[in-house]
Amino acid sequence: MENKYNHAAVEKKWQDIWEATKPDKVEVDHDKKKYYVLEMFPYPSGKLHMGHVRNYSIGDVVARFKRMQGYNVLHPMGFDSFGLPAENAAIQHNIPPAKWTWDNIHEMEVQLRQLGLSYDWDREVQTCDPSYYKWMQYIFIQFYKKGLAYKKETQVNWCPGCQTVLANEQVVDGKCERCKSLVGKKTLSQWCFKITDYADKLLADLDNLPGWPEKVKIMQKNWIGKSTGAEVTFEIQGYDKGLTVFTTRPDTLFGTTFMVLAPEHPYIDDLIPEGSEYRAAVEKYIDDAQHMTEIERGAANKPKTGVFTGRYAVDPVNGAIVPIYIADYVMMGYGTGAIMGVPAHDQRDFDFAKKFGIDIIPVVDSDDPSIDVNDLKEAFAAEGRMINSGEFDGMNNRDAIQKMFTWLEEKGIGKKATTYKLRDWIISRQRYWGTPIPMIWCDDCGWVPENEENLPVLLPEDVEFTGKGESPVATSKTFVDTVCPKCGKPAKREVDTMDTFLDSSWYQIRYCDPRNDEKCWDKETADYWMNVDQYIGGVEHAIMHLLYARFFEMALHDCGLIEATEPFENLLTQGMVIKDGKKMSKSIGNIVTPLDIIDKYGADTARLFILFAAPPDRELDWSDAGVEGSYRFINRVYRLVYDFVEKYGSGSSSYTVKDAHDKELRFRLNATCKKVGDDIDKRFSFNTAISSIMELVNAMYKYKDEDGFNEELFRCAIENLVTMMSPFTPHVCEEMWQHLGKTESVHKEKWPVWEADAMERDEVEIVIQLNGKIKKKMNVKTNLDRDGLEEEVMASDEVKELVGDRNVVKVIAVPDKLVNIVVK
RNA sequence: GCGACUGUGUUGGAACUGGCAUACAAGACGGACUUAAAAUCCGUUGCUCGUGAGAGAUUGAGGGUUCGACUCCCUCCAGUCGCACCA
């Protein structure tokens with residue numbers, strides 16, 4: 001051991017040893033309790049950023065701590081390596097996506113190893129590897145067979161600049177993230193997953209996830225967007241089909257004064273035929289709507305627009321004749337794409353009615369005398385008493401809603417219905433760098449899945465990257481033409497690839513059995529490890545990734561491939577790393593590169609700082625001075641250990657307590673063991689765990705200079721200190737441990753157990769309050785009961801003087817804490 | 001607009017179940033060591049008043065519950081994030 005802490009040498013030394021001896025390799029062991037800790041795997045952009053360091057430092061502390069507690073810990077790492085940036089590199093720099101990606105993966109592997117993370121690297125997966133995406137294709141086929149995958153005409157985001165389809169996440173503020181063109185819409189035939197089949201289960205099972213942040217559950221709940229109401233069918237005059245609307249307010253049916261169709265509604269072409277005097281205006285309106293972006297159309301407070309169709313509908317509850325309009329404030333994607341307009345009780349309908357001069361008929365009266373429902377300034381959406389509604393008059397409108405459900409059903413004009421905001425998941429991408437969809441089009445048999453023994457369907461390499469039009473896969477001369485797996489006739493392969501969110505929806509299961517060539521995983525093995533006990537990642541994945549992964553787990557369960565129905569038992573969403581109050585970004589120029597920090601201070605310092613500076617779920621403000629502080633602390637501990645070993649060498653750590661200083665140090669040591677363990681295990685409060693370790697170190701420095709140095713006790717304290725720090729700063733602790741004469745790794749140690757008798761103290765300082773204000777402090781015996789404490793305190797001269805001749809009204813005594821004397 | 005979260009010294013943050021507000025760290029200042037600097041070690045350090053012992057106010061603002069509130073309740077303000085014409 002060098003007398004000065006040399007982070008570069010120490011970290012290199014132990015990383016090499018760990019790489020050679022693989023201390024974190026795990027297998028199924030039914031004699032041990034398992035613990036599966038997982039951090040969201042990175043996209044291989046080539047460079048690690050501070051967000052990664054934070055994410056993986058948190059996971060590593062948990063993994064190391066759980067191992068010390070005796071669990072069989074699965075802690076894997078891999079790469080989410082399909083995706084658009086690789087393809088952009090191909091287009092811009094003519095580098096094959098595979099080369100670009102694999103180069104980046106190798107670079108990032110090196111950087112991850114430099115952080116000293118305790119992964120079982122033998123389980124590493126890369127989603128772009130054929131041995132991985134083979135099983136992606138297998139799963140797709142299982143979903144297809146279950147009826148969960150289907151192809152349909154659907155509207156997609158279309159970038160006119162790049163001449164290609166974009167995923168929702170590639171549309172930023174209504175613009176293409178690459179060329180900044182305004183994104184429009186286009187109808188294409190796309191593969192979809194029936195995630196909506198699971199809408200109810202995805203929603204209901206959120207209640208079975210107490211280990212998830214409330215915030216994430218609320219976001220998913222809103223995204224699924226369940227609402228219950230009624231479907232009601234209106235007759236259209238002179239048309240043979242009825243018009244069905246969805247409403248959550250059937251109590252307002254009597255107040256309907258118009259109807260609105262979404263511009264994409266399928267009836268429109270039929271309802272307003274060629275030759276109709278309204279046709280031209282309608283066509284123009286729909287055309288304008290088509291060319292509007294989501295953002296333009298969806299902008300809040302956008303003035304209402306619309307066009308009359310020339311048609312009228314009949315309100316089934318009262319026979320009223322109401323005009324039918326087309327307006328873009330009604331969305332085809334929600335409900336039935338048509339609404340009943342009740343201007344008196346819906347603000348949007350109110351705005352529309354005002355603009356088009358439509359009647360406003362109130363059907364719910366307010367109890368508030370300041371609101372006259374016959375002269376509304378805005379829609380009245382609150383609770384009230386029914387009016388103008390036939391037999392429902394006089395009822396509370398909430399009761400009327402319930403009555404209305406059965407009434408509608410009896411009359412055969414409607415029924416109770418549930419709708420969701422959640423849409424089916426469009427998974428086709430007109431992209432190259434993704435998993436090929438293993439489907440074949442045969443003119444005779446239609447869509448046929450590739451035979452499972454022929455998987456994987458490999459991505460072709462003879463493709464051109466033009467960045468335009470359809471998938472680059474279509475340009476391959478070897479890929480497209482094939483034969484039908486069913487009838488053997490010439491057939492064509494699907495050229496679209498899968499959304500990369502599919503790849504990351506099941507990787508957590510593949511990690512359980514990552515080298516299996518025969519099956520996607522051995523079910524028994526996967527059932528041993530799954531589900532993930534602790535998942536850690538950024539909150540930006542609260543909806544998409546986490547919802548998709550939950551859907552996959554449920555669907556895979558229904559395919560008989562896995563027992564669990566939820567993938568992630570507990571979820572920790574870590575906050576962003578910011579600097580000077582702003583997000584780290586190139587344009588602001590406030591990026592701090594992990595490699596620079598590792599170079600200057602070492603990985604242990606980077607890890608310690610990032611865990612110490614803020615609680616894990618909050619934003620973390622990067623501070624160069626703070627990093628210095630963490631570095632100083634590690635040095636301070638190192639010196640403490642070094643000086644001790646130089647003087648005393650190795651020896652026994654079984655001690656006897658000799659004096660008050662010894663007793664105090666023993667108390668501090670045990671209190672720290674308890675607090676650090678609890679902070680990591682129960683609260684993920686790494687910052688306070690570290691601060692109490694710092695307090696222990698301060699106490700040890702103080703003890704060292706006091707009379708009666710007890711070598712064995714101090715050795716015990718040092719050993720426990722190094723053990724407790726090892727999850728945070730694994731390299732330097734391993735080095736110090738060795739220096740203390742230990743031959744086994746510190747990471748194989750058991751977490752220190754605190755001793756109850758060490759925590760017992762004879763005296764405790766309590767607070768004396770007078771009318772709730774702190775006046776004095778007093779030492780009393782510990783464990784006095786309420787009465788005993790009150791008696792002792794009230795008997796003391798100090799307190800008598802404090803109270804004086806005032807009248808004691810009440811005394812509140814809290815054992816071992818305080819006594820509050822209420823006087824008049 | 002709806003929903004969620006956050007608000008504590010100069011700064012990051014602590015206070016876990018209502019019981020000593022400001023732990024731990026950063027910064028600043030002072031001292032020791034040094035030819036000097038760095039490093040290290042020790043000390044001081046939220047605010048106002050007071051020479052001082054000490055006193056007073058204080059956790060975004062205001063109110064409430066309580067013997068006692070950073071913590072619970074109500075109203076409001078500011079910031080961050082998510083959703084957003086969802087029928």
Side-chain angles (χ1 to χ4, degrees), chain A residues 4 213-223 225-227 229 245-249 252 260 262 295 297-305 327-331 333-342 345-349 351-352 419-421 539-540 542-543 575-576 578 581 609 612-615 617-630 632-633 635-636 639 675 678-679 682-683 685 687-698 701-702 705 765-777 809-823:
Chain A
K4 212 178 159 304
E214 214 45 46
K215 175 189 166 129
V216 172
K217 288 195 276 189
I218 287 166
M219 280 165 77
Q220 292 213 353
K221 209 170 263 183
N222 292 341
W223 187 261
K226 180 178 182 168
S227 62
V245 298
F246 173 76
T247 178
T248 53
R249 293 289 306 274
T252 64
V260 184
I295 298 294
R297 186 169 156 183
N301 308 323
K302 176 177 165 284
K304 294 285 173 291
T305 62
D328 63 7
Y329 81 91
V330 176
M331 307 290 158
Y334 186 76
T336 61
I339 61 151
M340 57 185 216
V342 187
H345 304 293
D346 181 285
Q347 190 57 41
R348 293 152 300 164
D349 296 347
D351 295 342
F352 192 84
T419 60
Y420 298 90
K421 282 192 236 176
V539 74
E540 66 273 19
I543 296 174
M576 252 201 305
I578 59 167
F609 169 72
F612 177 60
D617 53 349
R618 271 211 248 166
E619 265 185 356
L620 185 151
D621 204 351
W622 186 268
S623 143
D624 293 330
V627 180
E628 292 268 2
S630 293
R632 270 204 293 272
F633 175 70
N635 275 284
R636 192 167 150 83
R639 271 193 308 276
K675 176 156 173 64
D678 285 352
D679 279 356
K682 295 180 184 152
R683 308 200 297 143
S685 183
N687 53 331
T688 53
I690 293 166
S691 77
S692 60
I693 293 175
M694 287 171 169
E695 284 180 87
L696 173 64
V697 171
N698 290 344
Y701 263 89
K702 191 158 266 168
D705 294 335
E765 189 182 59
I766 60 150
V767 172
I768 312 294
Q769 292 182 335
L770 205 61
N771 291 341
K773 286 209 186 297
I774 295 148
K775 291 292 172 191
K776 278 208 158 29
K777 291 179 186 174
V809 180
K810 196 175 177 183
V811 177
I812 294 109
V814 182
D816 295 345
K817 289 230 166 81
L818 65 83
V819 173
N820 186 13
I821 305 158
V822 185
V823 296

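Labels below follow one simple rule: chain letters A, B, ... track the order of the sequence lines, proteins then strands, and each chain is numbered from 1. What you see is a predicted model, and the numbers here were worked out from it, not measured in a lab.
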Q) Expressed in angstrom and rounded to an integer, what is the separation of Lys421(A) atom NZ from rA87(B) atom P? A) 7 Å
Q: Mind checking Lys675(A) for me? I need base, sugar-phosphate or nothing, with any heavy atom below 4.0 Å counting as a touch.
A: base
Q: Under 4.0 Å between any heavy atoms, over every strand shown, what does Val814(A) touch: base, sugar-phosphate, or nothing? Just pick one.
A: base
Q. How long is the line joining CD of Gln220(A) and P of rA4(B), in whole Å?
A. 17 Å
Q: May I ask you to evaluate whether Arg636(A) reaches the phosphate of rC41(B), defined as a side-chain N or O under 4.0 Å from OP1 or OP2?
A: yes
Q.
Does Leu818(A) reach a base, just sugar-phosphate, or nothing at all? Heavy atoms under 4.0 Å.
A. base
Q. Base, sugar-phosphate alone, or nothing: which one does Lys682(A) contact when heavy atoms must sit under 4.0 Å apart?
A. nothing
Q) Among rG19(B), rC86(B), rC42(B), which nucleotide sits nearest the side chain of Lys817(A)? A) rG19(B)
Q) Can you find a pair of side-chain heavy atoms, one from Lys304(A) and one from Asp349(A), that are under 4.5 Å apart? A) no
Q | Torsion-based syn/anti label for rG18(B), 90° from 0 as limit | A | anti
Q.
Distance check, C1' atoms only: rG1(B) and rA84(B), in whole angstrom units.
A. 8 Å
**Q.** Side-chain donor/acceptor contact of Lys304(A) with base of rC85(B) under 3.5 Å
**A.** yes
**Q.** Side-chain heavy atoms of Lys217(A) within contact of Lys221(A), under 4.5 Å
**A.** no
Q. Given rA26(B), is OP1 or OP2 found less than 4.0 Å from the side-chain N or O atoms of Arg632(A)?
A. yes
Q) Hey, does Thr247(A) reach any base, or is it just sugar-phosphate, or nothing, if we go heavy atoms under 4.0 Å? A) sugar-phosphate
Q) Mind checking the P distance from rC5(B) to rU75(B)? Whole angstroms is fine. A) 15 Å
Q: Report the distance from atom CD1 of Ile766(A) to atom C1' of rG19(B), rounded to the nearest whole Å.
A: 12 Å
Q | Inter-nucleotide C1' distance (rU59(B), rG46(B)), Å rounded | A | 12 Å
Q: Give one of base, sugar-phosphate or nothing for Gly629(A), where a contact means two heavy atoms less than 4.0 Å apart.
A: sugar-phosphate
Q) For rA4(B), which nucleotide is its Watson-Crick or G-U wobble mate, given both distances must be under 3.5 Å? A) rU80(B)
(Q) Under a 3.5 Å cut-off for both contacts, is rU22(B) paired Watson-Crick or G-U wobble with anything, and if yes, with which nucleotide? (A) none
Q) Which part of the nucleic acid, if any, lies within reach of Asn820(A) when heavy atoms closer than 4.0 Å are counted: base, sugar-phosphate only, or nothing? A) base
Q: Rounded off to whole Å, could you give me the OH-to-P distance for the Tyr329(A) and rA87(B) pair?
A: 13 Å
Q. Which nucleotide, in any strand shown, forms a Watson-Crick or G-U wobble pair with rA15(B), with both distances under 3.5 Å?
A. none
Q: May I have the step-by-step check of side-chain contact (heavy atoms from CB on, under 4.5 Å) for Arg632(A) and Arg636(A), ending in yes or no?
A: CA-CA 6 Å; Arg632(A) 270 204 293 272; Arg636(A) 192 167 150 83; over 6 Å; no
Q.
rA39(B), OP1 or OP2 - any side-chain N/O from Arg639(A) closer than 4.0 Å?
A. no
Q.
Are the side chains of Tyr334(A) and Ile339(A) in contact, using a 4.5 Å heavy-atom criterion?
A. no
Q: May I have the distance from Ile543(A) (atom CD1) to rA4(B) (atom P), rounded to whole angstrom?
A: 15 Å
Q. Which base sits across from rA87(B) as a Watson-Crick or G-U pair, both distances under 3.5 Å?
A. none
(Q) Please report the distance, rounded to the nearest Å, between CZ in Arg348(A) and P in rA87(B). (A) 7 Å
Q.
Please name the nucleotide paired to rC72(B) by Watson-Crick or G-U wobble geometry with both distances under 3.5 Å, or report none.
A. rG64(B)
Q.
Is the shortest side-chain heavy-atom distance between Val342(A) and Arg249(A) below 4.5 Å?
A. no
Q) Rounding to the closest angstrom, what is the interatomic distance between rU10(B) and rG63(B) at atom P? A) 23 Å
(Q) Measuring only the C1' atom in each nucleotide, how far is rU35(B) from rC20(B)? A whole number of Å is fine. (A) 49 Å
Q) Given atom CG of Asn687(A) and atom C1' of rA15(B), what is their separation to the nearest angstrom? A) 12 Å
Q) Can you check the Leu696(A) CG to rA25(B) C1' distance for me, whole Å? A) 16 Å
Q | Any strand: nucleotide that pairs with rC41(B) via Watson-Crick or wobble, under 3.5 Å | A | rG31(B)
Q) Does Asn635(A) make a side-chain N or O approach to OP1 or OP2 of rU40(B) shorter than 4.0 Å? A) no
**Q.** Any Lys215(A) side-chain N or O less than 4.0 Å from OP1/OP2 of rC5(B)
**A.** no
Q. Picking from rG13(B), rA87(B), rA4(B), which would you name as closest to the side chain of Thr248(A)?
A. rA87(B)
Q.
When you measure from the side-chain N and O atoms of Asn698(A) to the phosphate of rA25(B), is any distance below 4.0 Å, counting only OP1 and OP2?
A. yes
Q | Contact under 4.0 Å: Arg618(A) side-chain N or O vs rU80(B) OP1/OP2 | A | no
Q: Between rU8(B) and rC70(B), how far apart are the C1' atoms? Round to whole Å, please.
A: 7 Å
Q: Take atom P in rA57(B) and the same atom in rA21(B), then report the distance between them in whole Å.
A: 12 Å
Q. Do the side chains of Ile812(A) and Gln769(A) get nearer than 4.5 Å, heavy atoms only?
A. no
Q: Tell which nucleotide pairs with rG56(B), taking only Watson-Crick or G-U wobble pairs whose two distances are both under 3.5 angstrom.
A: rC47(B)
Q: Classify the nucleic acid contact of Phe612(A) as base, sugar-phosphate or nothing, counting any heavy atom under 4.0 Å across all strands shown.
A: base
(Q) Rounding to an integer number of angstrom, what distance separates rU48(B) and rG9(B) when you compare their C1' atoms? (A) 14 Å
